[in-house]
Amino acid sequence: MTGSSKQRGRISRAPENFLSQEQIAAVSSGRRDFLRQAMIAAAAVSAGAALPLRAGEAAGDPEILDLPPWSKTLGKPVASNPYGSPSKYEKNLIRRESPGLTRVGAASVSFAPLQGLFGIITPSGLHFERHHQGWQDVDPARHRFMINGLVRTPKVYTMDDLMRLPSVSRIHFIECGANSGMEWGNVAVPTVQYTHGMLSCSEFTGVPLSALLEDCGADLKAGKYILAEGADGSSMTRTIAMERALDDVIVAYGQNGEMLRPENGYPLRLVVPGVQGVSWVKWLRRIEVGDQPYGTKDETLHYVDLLPDGAQRQYTSIQECKSVITTPSGGQTLIGQGYYTITGLAWSGRGRIRRVDVSTDGGRNWRTARLETPVLSKALTRFNLDWQWDGSPALLQSRAIDETGYVQPTMPQLREVRGTKSIYHNNAIQTWAVAPSGEVSNVQLG
Ligand code: MTE
């Protein structure tokens, strides 16, 4: 489609339809802030302009005719903002806590604003947070990392010790096992920030755990498991099979080119690619090598799924293939018929994304989306699809397929196997309903 042949749909709403300030805050925003764009579009409409602009149509637009202040005055000096921050116009693009989700903020979640992000990397300041006992800004000079248990030489490393060792940098997604958990109950949380925002993707830098286990002479015959332990007050401990520990696990200190953020485990965290977030132990202080699973509270009481027959599904660690459309998504509004890009994210804990299909009629017909590069193993993959909205009701869905051939299930398919009592590991297809008014909302199809 060319710019001149496609009628560009405006993603916003007429001024009389604006949401209340409260709703605006709840609905979230960002660079893809439909509401903000609404104002721009509304201004353009009232000035008689349509998109794409044709010569002469902008006549009379003061933003074209008058030089703005930033073109006529001296700008601010370098280093007046020594650690760069987003523009003041982007202040709505923040992580948000779901009101009432937990009793105290120290044991809570803040969700990443997926609807406002581009590409696959989550800016570190917008990475979701999940703490069981609050976050700490740990003094790196006093932080120690110990490896003990079934090893020839138990060792204690300082941060300096670790940071002089050979390192790797890899891009991986992290998803909390509880992401999309509310959808099990058909709660229909309003926005993608709250349905899928316990998801982020960063470039992590650190030392492969395999190298450190080798350094300590881990007994790889008897040592079938490791236990990872955090330094916060939550006694966060998780068992990881030795096979996985030796594969691609990283003892990481870097995130997106700088040190980890305190909320994400500064100065040291475990990166366990493809595995649910709880195993990515933050403020990592100890790894013990053992001969059996440890059965800690965070793998017996929590992060288990109650099945229809009453059995508990335990030690499920891999985050299965999943995807979601981030724009258009719940809480946003389309203005006018015409062209839109349907965009979203796909990921699989088992490797690369092979294909993403998108439906605009609730799964009756599917079109294959473009996968934007890079398409990396156990990382988010961005997909895009051109769409002409004719103004009629639409049901938007995305369905991801990974390199193992696994196909993301529908919610009824998942419920058939897992029942309705789970909190964790919901990787079902998400549906967004577009009303003739252009309003987009979260729905579940039977
Ligand atoms: N590690 C420690 N030490 N304490 C915690 O509370 N939370 C876990 C995991 N590691 C947690 C932890 C959970 S449940 C998740 S989903 C991820 O960290 C979240 O990582 P993030 O806060 O960097 O997004």
Side-chain angles (χ1 to χ4, degrees), residues 94-98 101-102 104-114 117 121-138 143-146 172-181 193 196-206 226-240 249-256 258-288 294 296-305 316-319 322 347 349 380 423-426:
I94 51 174
R95 25 187 200 209
R96 292 177 191 276
E97 195 185 350
S98 178
L101 190 63
T102 56
V104 289
S108 193
V109 183
S110 74
F111 298 81
L114 302 181
L117 303 181
I121 298 292
T122 313
S124 298
L126 296 176
H127 192 291
F128 84 95
E129 304 162 88
R130 170 73 178 108
H131 319 303
H132 289 232
Q133 186 99 352
W135 62 274
Q136 305 276 358
D137 202 353
V138 172
H143 189 69
R144 299 291 182 270
F145 170 59
M146 178 164 89
H172 290 300
F173 78 83
I174 166 172
E175 182 185 23
C176 181
N179 201 23
S180 315
Q193 181 156 12
H196 288 74
M198 281 195 254
L199 171 75
S200 294
C201 185
S202 301
E203 183 192 66
F204 292 101
T205 298
I226 64 159
L227 180 79
E229 180 185 83
D232 56 329
S234 73
S235 309
M236 171 56 68
T237 38
R238 289 286 303 182
T239 302
I240 296 166
V249 175
I250 305 170
V251 174
Y253 44 79
Q255 179 182 357
N256 297 331
E258 59 181 359
M259 289 298 287
L260 290 161
R261 293 291 169 90
E263 302 93 308
N264 306 119
Y266 177 88
L268 206 60
R269 89 172 304 166
L270 206 57
V271 165
V272 194
V275 169
Q276 62 177 330
V278 65
S279 294
W280 296 47
V281 175
K282 300 190 279 191
W283 312 290
L284 180 70
R285 74 161 163 213
R286 191 170 72 92
I287 281 187
E288 182 179 311
Y294 287 79
T296 70
K297 69 171 169 45
D298 291 303
E299 41 205 24
T300 49
L301 274 174
H302 309 294
Y303 301 95
V304 292
D305 299 306
T316 44
S317 53
I318 300 288
Q319 292 299 103
K322 185 169 170 181
W347 61 101
L380 295 186
I423 301 170
Y424 305 101
H425 311 118
N426 172 8

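Each ligand, and each atom within it, is numbered from 1 in the order the structure gives.
Heavy atoms of L284 found under 4.0 angstrom from ligand 1: none, in either backbone or side chain. Within the 4.0 Å heavy-atom criterion, neither part of M198 lies near ligand 1. For F128, heavy-atom contacts with ligand 1 shorter than 4.0 Å involve the backbone as well as the side chain. Only the side chain of Y303 comes within contact range of ligand 1, with a heavy atom under 4.0 Å; no backbone atom does. Heavy atoms of N264 found under 4.0 angstrom from ligand 1 belong to the backbone as well as the side chain. Contacts between S234 and ligand 1, counted as non-hydrogen atom pairs separated by less than 4.0 Å, involve the side chain only.
Interface atoms of ligand 1 facing H131, defined by a heavy-atom separation under 4.0 Å, are 6 (O). Atoms of ligand 1 lying under 4.0 Å from any heavy atom of V281, numbered from 1 in the order shown and given with element: 1 (N), 10 (N). Atoms of ligand 1 found under 4.0 Å from any heavy atom of C176, numbered from 1 in the order shown, are 16 (S). For ligand 1, the atoms closer than 4.0 angstrom to any heavy atom of I174 are 20 (O). Within ligand 1, counting atoms from 1 as listed, the ones closer than 4.0 Å to a heavy atom of M236 are 1 (N), 2 (C), 3 (N), 4 (N), 5 (C), 11 (C), 12 (C). Every atom of ligand 1 is numbered from 1 in the order shown, and the set under 4.0 Å from a heavy atom of E263 is 22 (O). If you number the atoms of ligand 1 from 1 as listed, the ones under 4.0 Å from a heavy atom of E129 come out as 22 (O), 24 (O). Listed by number with element, the atoms of ligand 1 under 4.0 Å from a non-hydrogen atom of W283 are 2 (C), 3 (N), 4 (N).
Defined by atom type and a distance below 3.5 Å, a donor-acceptor pair is missing between the side-chain atoms of W283 and Q136. For the residue pair S234/D232, the side-chain donor-acceptor check at 3.5 Å is satisfied. With 3.5 Å as the limit, one finds a donor-acceptor pair spanning the side chains of E288 and Y294. With no hydrogens or angles considered, no side-chain donor-acceptor pair links H127 and E263 at under 3.5 Å.
W280 contributes a side-chain N or O that, together with a main-chain N or O of V275, makes up a donor-acceptor pair within less than 3.5 Å. The backbone N or O of T237 lies less than 3.5 Å from a partner atom in the side chain of T296, making a donor-acceptor pair. Formation of a donor-acceptor pair under 3.5 Å by the Q193 side chain with backbone atoms of F111 is found in this model. With hydrogens and angles ignored, the 3.5 Å screen pairs no side-chain donor or acceptor of R238 with any backbone N or O of V278.
When hydrogens are left out, the protein atom nearest atom 1 (N) of ligand 1 is K282 N, 2.9 Å; that is the closest non-hydrogen contact. For atom 8 (C) of ligand 1, the closest non-hydrogen atom of the protein is V278 CA, 3.8 Å. With respect to atom 9 (C) of ligand 1, the closest heavy atom belonging to the protein is G277 O, 3.3 Å. If you check which protein heavy atom lies closest to atom 10 (N) of ligand 1, you get W280 O, 3.1 Å. In terms of protein heavy atoms, atom 4 (N) of ligand 1 is closest to D232 OD2, 2.8 Å.
Checked against a 3.5 angstrom limit, the closest N/O atoms of H132 and ligand 1 fall inside it.
Interatomic distance, OG of S124 versus CD of E203, reported as 10.5 Å (0.5 Å rounding). Here the CG atom belonging to L380 is positioned 5.0 Å from the CG atom belonging to L199, to the nearest 0.5 angstrom. Here L114 contributes atom CG and F128 contributes atom CZ; the two are 10.5 Å apart, rounded to the nearest 0.5 Å. Considering CZ of R285 and CD of E229, their distance stands at 4.5 Å, rounded to 0.5 Å.
Pairing each heavy atom of T122 with each of S202, the nearest pair is O-OG, 4.2 Å.
Proximity annotation for atom 18 (O) of ligand 1: of R285, R261, R269, H302, R269 comes nearest, heavy atoms only. Around atom 19 (C) of ligand 1, the closest heavy atom drawn from E175, Q255, R130 belongs to R130.
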